[in-house]
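Data first, discussion second: the structure below is written as structure tokens.
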Amino acid sequence: MAQIGYSKKVMEHFMNPRNVGVIDDADGYGKVGNPVCGDLMEIFIKVKDERIDDIKFRTFGCGSAIAVSSMVTEMAKGRPLDEAMKITRKDVADELDGLPPQKMHCSNLGADALHAAIQDYWVKTGKIKPDEIKKEDDGEGEACPA
Ligand code: FES
């Protein structure tokens with residue numbers, strides 16, 4: 001099958017995504033939209049002993065967004081919240097052995113939704129105030145071919 005510029009890891013996670021679904025009684029919930037293409041991503045986390053005990057995602061995004069989300073959930077699962085908060089968009093893209101340049105904006109959704117879910121948990125538990133939530137750089141200026 002033609003790879004059309006996608007790495008084997010991207011194709012593998014796209015064909016067989018991990019941690020797809022919803023957690024009804026999630027401790028933290030993040031929802032972000034991609035300003036470049038309008039696609040959406042949701043991440044649900046369960047927290048135990050300040051670690052991500054379980055994580056699921058649901059997306060209305062492209063194949064790259066699915067691969068990115070699958071990868072970011074694998075990278076975050078079991079990690080302390082502080083560490084998971086440091087996973088960057090670039091870390092996720094690197095872990096997938098890269099994305100084609102015109103799809104780099106798709107890597108934003110996964111890390112952004114993860115950070116939003118963690119911060120939602122921190123607001124609920126009083127660690128931070130709602131006005132202390134850090135917003136990500138919105139990635140504007142990158143062209144979307146979709
Ligand atoms: Fe929208 Fe990839 S996330 S085109």
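We count ligands from 1, going down the list as the structure has it; atoms in each ligand are counted the same way.
- Using a 4.0 Å cut-off to heavy atoms of C62, the atoms of ligand 1 that qualify are 2 (Fe), 3 (S), 4 (S).
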Salt bridge (charged side-chain N to carboxylate O under 4.0 Å, His left out) assessment of K48 paired with D27: CA-CA 9 Å; K48 196 171 174 190; D27 297 319; over 6 Å; no
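- Against a heavy-atom cut-off of under 4.0 Å, C106 is close to the following atoms of ligand 1: 2 (Fe), 3 (S), 4 (S).
- Summary: OD2 is the N/O/S atom of D39 found nearest to atom 1 (Fe) of ligand 1.
- For ligand 1, the atoms sitting less than 4.0 Å from at least one non-hydrogen atom of A65 are 3 (S), numbered in the order shown with element in parentheses.
- Judged by the shortest distance from any of its heavy atoms, H105 lies inside the 4.0 Å radius around the atoms of ligand 1.
- Comment: D120 engages K124 in a salt bridge, judged by a side-chain N to carboxylate O separation of less than 4.0 angstrom.
- Under the 4.5 Å side-chain criterion, counting only non-hydrogen atoms from C-beta, I43 is not in contact with Y29.
- In this structure, the side chain of H115 does not engage the main chain of T88 through any donor-acceptor pair within 3.5 Å.
- Counting atoms of ligand 1 from 1 in the listed order, those under 4.0 Å from a heavy atom of C37 are 1 (Fe), 3 (S), 4 (S).
- Contact annotation: for S64 versus ligand 1, there are no heavy atoms closer than 4.0 Å.
- Of the N and O atoms on the side chains of T73 and N19, at least one donor lies less than 3.5 Å from an acceptor on the other residue.
- Ion pairing between E132 and K127 fails under the 4.0 Å rule for side-chain N and carboxylate O.
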